> 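Mind having a look at this structure? Questions to follow.
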Amino acid sequence: MIETKLLEQTCIAVSKLYGHDLNHNSIGLEKTKKEITGDFTIVVFPLLKISRKSPEATAADIGTFLQQNMPEIKEFNVIKGFLNLVLTDEFWMMFLVIQSVNPEFGFHKTRSERPVLLEYSSPNTNKPLHLGHIRNNLLGFSLAGILKANGHKVVKVNLVNDRGIHICKSMLAYMKWGNHETPASSGMKGDHLIGKYYVLFDKHYKAQIKDLIGKGLTGEEAERQAPLITEAQDILRKWEAKDPETVGLWKLMNGWAYDGFDVTYRRLGVDFDHIYYESETYLLGKNLVMEGLGKGILKRKEDGSIWADLRNEGLDEKLLQRADGTSVYMTQDIGTAQLRYDDYHPLEMIYVVGNEQNYHFDVLKRVLSMLGKEYSTHVNHLSYGMVELPEGKMKSREGTVVDADDLMDEMFICAEQITRELGKANELSASEAEKLFNTISLGALKYFILKVDPKKNMMFDPVESIDFNGNTGPFIQYTYARIQSLLVKADAAGILWKDAKIPVHVPLLPLEKETIKRLYQFMETVVQAGEEHSPAIIANYVFDLAKGFNQFYQELPVLKEEDPSKRLLRICISKFTGNIIRRSMKLLGIEVPERM
RNA sequence: GGCUCCGUAGUUCAAUGGAUAGAACGGAAGUUUCCUAAACUUUAAAUAUAGGUUCGAUUCCUAUCGGGGCUACCA
């Protein structure tokens with residue numbers, strides 16, 4: 001990359017001019033701002049102490065040196081402490097000619113046999129997937145692609161939350177009020193059916209609590225003593241004791257939930273290489289806890305419960321096993337981490353989990369470290385922000401969630417309606433049309449979610465979010481479709497562009513050069529997105545690329561250009577842009593249509 | 001209360017400590033005998049407050065105000 005060379009030469013310049021050696025990191029190299037002439041800018045303010053000259057003189061010194069030593073540099077200008085470098089048109093043309101036919105442009109070769117393990121989705125079998133899970137799934141799936149593009153082997157894993165007191169709650173509700181209802185008999189998707197019983201439990205539980213408080217108990221006592229919760233606890237103990245009847249119902253109900261999840265995953269376009277179940281890892285966690293207890297790292301309290309003491313690390317004590325011997329969330333996660341490490345020996349274990357669990361992961365890393373697990377330093381929590389609704393936070397027990405399946409249905413209907421209104425579905429067969437509506441609606445949804453920095457909370461307004469104009473997925477898809485249409489027309493007109501050699505000495509117009517520069521930036525965008533674990537960086541880039549191309553396309557004729565060299569150049573830019581749009585969108589898990 | 005994250009146009013989002021804080025939607029005004037108008041052009045509009053560090057602060061530090069999250073023998 002030219003940036004590396006610029007940094008190297010700048011170091012040499014500083015060394016020769018001022019007799020001072022510095023490393024690359026201390027040089028500010030950035031893209032030149034749009035309004036200013038130049039391709040790259042070096043900020044010389046930090047070098048003034050070394051040069052002992054004015055910003056302008058320092059910049060001029062370095063600029064002169066670079067121009068003399070780098071044939072790629074055509075000219076430079078200095079504004080205050082900013083040294084703006086202009087590269088030659090030949091440099092950009094060479095880049096275009098070589099990389100536009102490289103299908104791997106911007107991607108890296110495999111760096112290590114040891115994979116990065118990426119956990120995402122992690123559903124709870126009690127609840128159908130909702131908008132929060134959608135953000136999780138899209139982030140996880142996209143990040144997997146981005147890491148692969150950066151040369152990592154990636155193992156996508158899902159950890160299914162299939163055991164625990166919460167699961168027993170829906171089982172209990174089903175035992176009491178289920179009447180042998182099944183997904184088939186009710187016509188409900190399995191995960192939705194389970195969710196119904198979880199809500200039912202909560203409703204009756206709340207009623208019991210209210211009742212007990214009426215009889216004089218405190219809120220806390222009522223929550224502990226309500227018959228429903230003690231019954232659920234009985235079921236948990238039976239389950240851990242492998243009571244056949246309990247396990248049988250558990251398997252039946254979980255199966256329904258999995259069938260439901262699979263449908264949603266397939267529709268969302270996400271997948272996994274390995275599915276872990278907490279029911280299979282919690283015993284390993286318990287063993288590790290017992291081991292820690294044996295070594296005196298953990299301690300047992302009088303009631304028999306087992307704890308990790310993190311007070312001298314500024315945290316509190318953390319329960320790892322209840323007095324009745326059953327395990328908790330943290331116990332399972334300890335077991336899961338160990339199992340995964342044994343399975344894959346990953347370089348890094350990334351957990352895509354919402355930021356409300358920051359404390360949990362902080363504790364998990366510390367406990368693993370206490371237990372002597374050196375891989376604890378490679379546990380990385382990709383903590384993403386909440387998805388908020390205009391009414392506030394989503395609460396599944398209160399029914400204020402946006403259901404994943406419902407949302408995709410609504411987006412589909414919307415895409416269909418708008419596409420038909422624009423008359424764009426007229427020439428399509430029914431199946432082609434359905435595929436297109438699917439592509440557009442999912443593109444809109446995925447892009448909307450992924451364009452926001454993962455770490456930040458985001459607002460989702462179901463009404464206003466369904467927009468296909470402006471900074472949206474369909475805008476980018478449309479740009480792609482128009483490029484494909486252009487290429488089809490080029491063929492139809494008999495223009496032989498596919499194997500044609502473009503003369504490298506064609507002078508570039510500003511709009512042509514700007515577009516080529518944006519394509520060049522694909523490389524650093526992929527790297528940055530990988531380093532920061534942020535699909536949003538790809539999303540912002542591809543929007544910028546599409547936006548810029550639309551301007552290019554609006555202002556300059558492509559097929560109608562009469563100069564054959566110019567025409568060829570513009571076709572090549574268009575084709576390359578289409579490829580990069582498609583590949584960028586692919587990194588976001590978004591498909592692009594050939595026409596729309 | 002303690003810990004933690006976040007306050008940027010009317011709204012939703014950008015901006016490795018750098019130049020005049022960018023977009024999109026919404027508002028106002030335009031572009032179609034011309035490669036798809038789901039497009040393009042023009043325009044008004046913002047860094048919560050007060051200090052500090054720095055040649056330079058939306059960015060780093062402190063305080064205040066406002067909002068979210070965590071602080072479970074739920075996961």
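As the structure is a prediction and not an experimental result, all values here were calculated from the model. First the proteins, then the strands, lettered A, B, ... as listed; each starts at 1. FYI, side chains are in, hydrogens and waters are out, and symmetry mates aren't considered; it's all heavy atoms of this structure.
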> What is the separation between atom CZ on Arg420(A) and atom P on A38(B), rounded to the nearest whole Å?
17 Å

> For Ala493(A), answer base if it contacts any base atom (sugar-phosphate contacts may also be present), sugar-phosphate if it contacts only those atoms, and nothing otherwise; contact means non-hydrogen atoms under 4.0 Å.
nothing

> If you assign Ala323(A) and Thr32(A) each to the RNA chain B nucleotide with the nearest heavy atom, which residue ends up on the more 5' nucleotide?
Thr32(A)

> Using a 4.0 Å heavy-atom cut-off, does Leu159(A) contact any base of the nucleic acid, only the sugar-phosphate backbone, or nothing at all?
nothing

> Would you say the rings of Phe460(A) and Phe448(A) are close, in the sense that their centroids are separated by under 6.0 Å?
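Under 6.0 Å, so yes.
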
> When you get a sec, tell me which of C74(B), C13(B), A19(B) is the closest nucleotide to the side chain of His166(A)?
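The answer is C74(B).
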
> Please classify the nucleic acid contact of Thr479(A) as base, sugar-phosphate, or nothing, using heavy-atom distances under 4.0 Å.
nothing

> Is a donor-acceptor pair below 3.5 Å formed from side chain Thr472(A) to base A24(B), judging by atom type as modelled?
no

> Please report the distance separating the P of A39(B) from the corresponding atom of C25(B), rounded so that it comes out in whole Å.
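Here A39(B) and C25(B) have their P atoms 7 Å from each other.
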
> Got a donor-acceptor contact below 3.5 angstrom from the Ser51(A) side chain to the Lys53(A) backbone?
yes

> Please evaluate the base of C73(B) for a donor-acceptor partner in the side chain of Asp303(A) within a cut-off of under 3.5 Å?
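Per atom types, the contact qualifies.
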
> Classify the side chain of Asn84(A) and the base of A19(B) as holding, or not holding, a donor-acceptor pair under 3.5 Å.
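Such a pair is found, so the answer is yes.
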
> Between Arg582(A) and Glu591(A), is there a side-chain N and carboxylate O pair less than 4.0 Å apart?
no

> Among A19(B), C13(B), A39(B), which nucleotide sits nearest the side chain of Lys80(A)?
A19(B)

> Students often get this wrong, so: under 4.0 angstrom with heavy atoms, is Asn358(A) touching a base, only sugar-phosphate, or nothing?
nothing

> What contact category does Tyr329(A) fall into here, base, sugar-phosphate, or nothing, at under 4.0 angstrom with non-hydrogen atoms?
base

> What is the nucleic acid contact for Ser383(A), judged by heavy atoms within less than 4.0 Å: base, sugar-phosphate only, or nothing?
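If one applies the 4.0 Å heavy-atom cut-off, Ser383(A) turns out to touch nothing in the nucleic acid.
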
> Answer with base, sugar-phosphate or nothing: what part of the nucleic acid does Val558(A) contact at a heavy-atom distance below 4.0 Å?
base

> Are Tyr198(A) and Phe201(A), when compared by the centres of their aromatic rings, separated by less than 6.0 Å?
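That pair fails the under 6.0 Å test.
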
> Please pick, from C25(B), A23(B), G18(B), the nucleotide with the shortest atom-to-atom distance to any side-chain atom of Pro46(A).
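Among the listed nucleotides, the one closest to the side chain of Pro46(A) is G18(B).
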
> What contact category does Asp333(A) fall into here, base, sugar-phosphate, or nothing, at under 4.0 angstrom with non-hydrogen atoms?
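Since no nucleic acid heavy atom lies under 4.0 Å of Asp333(A), the category is nothing.
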
> For the side chain of Leu319(A), starting at C-beta, report the closest nucleotide among C25(B), C73(B), C13(B).
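Taking heavy atoms from C-beta onward, the closest nucleotide is C73(B).
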
> Using a heavy-atom cut-off of 4.0 Å across all strands, would you classify Gln321(A) as base, sugar-phosphate, or nothing?
nothing

> Across the strands shown, which category fits Lys489(A) at heavy-atom distances under 4.0 angstrom: base, sugar-phosphate, nothing?
sugar-phosphate

> Is the cationic atom of Lys318(A) (NZ for Lys, CZ for Arg) positioned less than 6.0 Å from the six-membered ring centroid of Trp307(A) and within 45 degrees of its normal?
no

> Would you measure the distance from the C1' atom in C61(B) across to the matching atom in G17(B) and give it in whole Å?
14 Å

> Look at the side chain of Glu356(A) and decide which nucleotide, out of A14(B), C70(B), C40(B), has an atom nearest to it.
C70(B)

> Mind checking if Ile167(A) touches a base, just sugar-phosphate, or nothing, with heavy atoms under 4.0 Å?
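Touches nothing.
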
> What integer distance in Å separates Tyr384(A):OH from G68(B):P?
20 Å

> Calculate the interatomic distance between Arg224(A) atom CZ and A72(B) atom P; express it in whole Å.
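From Arg224(A) CZ to A72(B) P: 14 Å.
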
> Would you say Arg570(A) reaches C35(B)'s phosphate, i.e. side-chain N/O to OP1/OP2 under 4.0 Å?
no

> Return whichever of Lys547(A) or Lys33(A) has its heavy-atom-nearest nucleotide of RNA chain B closer to the 5' end.
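Result of the comparison: Lys33(A).
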
> Under 4.0 Å between a Lys/Arg side-chain N and an Asp/Glu carboxylate O for Asp324(A) and Arg237(A)?
yes

> Tell me: CZ of Phe45(A) to P of G56(B), nearest whole Å?
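Between P of G56(B) and CZ of Phe45(A): 10 Å.
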
> Find the distance Arg135(A):CZ to C13(B):P and express it as a whole number of Å.
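Result: 9 Å.
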
> Which is true for Tyr553(A) with a 4.0 Å heavy-atom rule: it touches a base, it touches only sugar-phosphate, or it touches nothing?
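Base contact.
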
> Tell me what Met596(A) touches on the nucleic acid: a base, only sugar-phosphate, or nothing, going by heavy atoms under 4.0 Å.
base

> How about Gln225(A) and Glu221(A): does a side-chain donor come under 3.5 Å of a side-chain acceptor?
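There is no such pair between these side chains.
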
> Quickly work out the Gln551(A) CD to U41(B) C1' distance and round it to whole Å.
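The answer, rounded to whole Å, is 9 Å.
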
> For Phe82(A) and A19(B), say yes or no: do the ring centres fall under 5.5 Å of each other while the ring planes differ by less than 30°?
yes

> Measure the distance from CG on Leu486(A) to P on C35(B) and round it to the nearest whole Å.
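One finds 11 Å between P of C35(B) and CG of Leu486(A), rounded.
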
> Using a heavy-atom cut-off of 4.0 Å across all strands, would you classify Lys424(A) as base, sugar-phosphate, or nothing?
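Lys424(A): base contact, heavy atoms under 4.0 Å.
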
> Can you tell whether the side chains of Asp202(A) and Lys169(A) come within less than 4.0 Å, N to carboxylate O?
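Between Lys169(A) and Asp202(A) there is no salt bridge, as every charged N stays at least 4.0 Å from the carboxylate O atoms.
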
> Can you identify which nucleotide, out of A75(B), A19(B), C25(B), has its nearest atom closest to the Asn469(A) side chain?
C25(B)

> Quickly work out the Asn540(A) CG to C13(B) C1' distance and round it to whole Å.
8 Å

> As a test of reading the structure: which of A24(B), G18(B), A19(B) is closest to the side chain of Val43(A), going by heavy atoms?
G18(B)

